[in-house]
Amino acid sequence: MKLRNWKWYLDEVFVKIIKDRHYLCGAVDHEGEVLESCVTKKRHKKAALKFMKKAVRRHGSANETVTDRFRS
(Lines give C-alpha, C1' and ligand atoms only; values in the text may rest on other atoms or scores of the structure.)
Protein backbone atom coordinates (compact mmCIF):
# COMPACT_ATOMS: atom_id res chain seq x y z
CA MET A 1 0.00 0.00 0.00
CA LYS A 2 1.37 3.40 -0.98
CA LEU A 3 1.12 6.03 1.76
CA ARG A 4 0.67 9.65 0.81
CA ASN A 5 0.71 12.80 2.84
CA TRP A 6 -1.47 15.07 0.72
CA LYS A 7 -1.27 18.63 2.09
CA TRP A 8 -2.86 21.78 0.63
CA TYR A 9 -1.86 25.37 1.28
CA LEU A 10 -4.64 27.91 0.76
CA ASP A 11 -4.01 31.63 0.42
CA GLU A 12 -5.97 34.75 -0.41
CA VAL A 13 -4.85 38.20 -1.58
CA PHE A 14 -6.32 41.35 -3.04
CA VAL A 15 -5.03 42.34 -6.49
CA LYS A 16 -5.65 45.41 -8.59
CA ILE A 17 -6.80 44.76 -12.17
CA ILE A 18 -7.35 47.85 -14.32
CA LYS A 19 -7.91 50.14 -11.30
CA ASP A 20 -10.42 47.71 -9.74
CA ARG A 21 -9.70 45.71 -6.61
CA HIS A 22 -10.31 41.96 -6.94
CA TYR A 23 -9.99 39.00 -4.59
CA LEU A 24 -7.67 36.13 -5.61
CA CYS A 25 -7.68 32.80 -3.81
CA GLY A 26 -5.48 29.83 -4.62
CA ALA A 27 -4.69 26.29 -3.56
CA VAL A 28 -1.19 24.79 -3.83
CA ASP A 29 -0.22 21.21 -2.95
CA HIS A 30 2.77 20.10 -0.86
CA GLU A 31 4.90 19.76 -4.01
CA GLY A 32 4.28 23.38 -5.06
CA GLU A 33 1.84 22.63 -7.89
CA VAL A 34 -1.05 25.10 -8.24
CA LEU A 35 -4.26 23.10 -7.94
CA GLU A 36 -6.90 25.81 -8.33
CA SER A 37 -7.19 29.58 -8.42
CA CYS A 38 -10.17 31.90 -8.45
CA VAL A 39 -10.67 35.66 -9.00
CA THR A 40 -13.82 37.43 -7.80
CA LYS A 41 -14.89 41.05 -7.38
CA LYS A 42 -16.01 40.53 -3.78
CA ARG A 43 -14.86 38.33 -0.95
CA HIS A 44 -17.79 36.17 0.14
CA LYS A 45 -18.52 32.74 1.54
CA LYS A 46 -20.39 31.48 -1.54
CA ALA A 47 -17.35 31.97 -3.79
CA ALA A 48 -15.02 30.34 -1.26
CA LEU A 49 -17.23 27.25 -0.93
CA LYS A 50 -17.55 26.96 -4.71
CA PHE A 51 -13.76 27.21 -5.01
CA MET A 52 -13.16 24.47 -2.41
CA LYS A 53 -15.80 22.12 -3.85
CA LYS A 54 -14.28 22.50 -7.31
CA ALA A 55 -10.77 21.77 -5.99
CA VAL A 56 -11.90 18.68 -4.08
CA ARG A 57 -13.90 17.39 -7.04
CA ARG A 58 -10.90 17.73 -9.39
CA HIS A 59 -8.04 16.67 -7.10
CA GLY A 60 -9.59 14.68 -4.25
CA SER A 61 -9.57 15.68 -0.60
CA ALA A 62 -6.40 16.60 1.27
CA ASN A 63 -5.21 14.93 4.47
CA GLU A 64 -4.23 18.35 5.85
CA THR A 65 -5.14 21.92 4.89
CA VAL A 66 -2.98 24.88 5.90
CA THR A 67 -4.35 28.44 5.84
CA ASP A 68 -2.41 31.33 7.39
CA ARG A 69 -0.81 29.26 10.17
CA PHE A 70 -4.00 27.30 10.85
CA ARG A 71 -4.16 23.58 10.15
CA SER A 72 -7.29 21.52 9.79
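Small disclaimer: the values here were computed from a predicted structure and weren't measured.
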Residue set satisfying side-chain contact (heavy atoms from CB on, under 4.5 Å) with Ala47, at least two apart, ordered chain then number -> Thr40, His44
Lys54 meets the side-chain contact (heavy atoms from CB on, under 4.5 Å) criterion, sequence neighbours left out, with Glu36, Arg57, Arg58
Closest heavy-atom pair, Trp8 versus Met52, reported as atoms and distance to 0.1 Å, is CZ3-CE, 4.2 Å
Is there a path of hydrophobic side-chain contacts, each under 4.5 Å between heavy atoms, that joins Trp6 and Phe51? yes
Check: residues 11-29 side-chain donor-acceptor pairs under 3.5 Å, at least two apart:
from  : atom 1 : to    : atom 2 : distance (Å)
Glu12 : OE1    : Tyr23 : OH     : 2.6
Glu12 : OE2    : Arg43 : NH2    : 2.7
His22 : ND1    : Asp20 : O      : 3.2
Asp29 : OD1    : Glu31 : N      : 3.1
Asp29 : OD1    : Gly32 : N      : 3.0
Asp29 : OD1    : Glu33 : N      : 2.8

Residues passing the salt bridge (Lys or Arg N to Asp or Glu O under 4.0 Å) test with Lys50, sequence neighbours excluded, are none
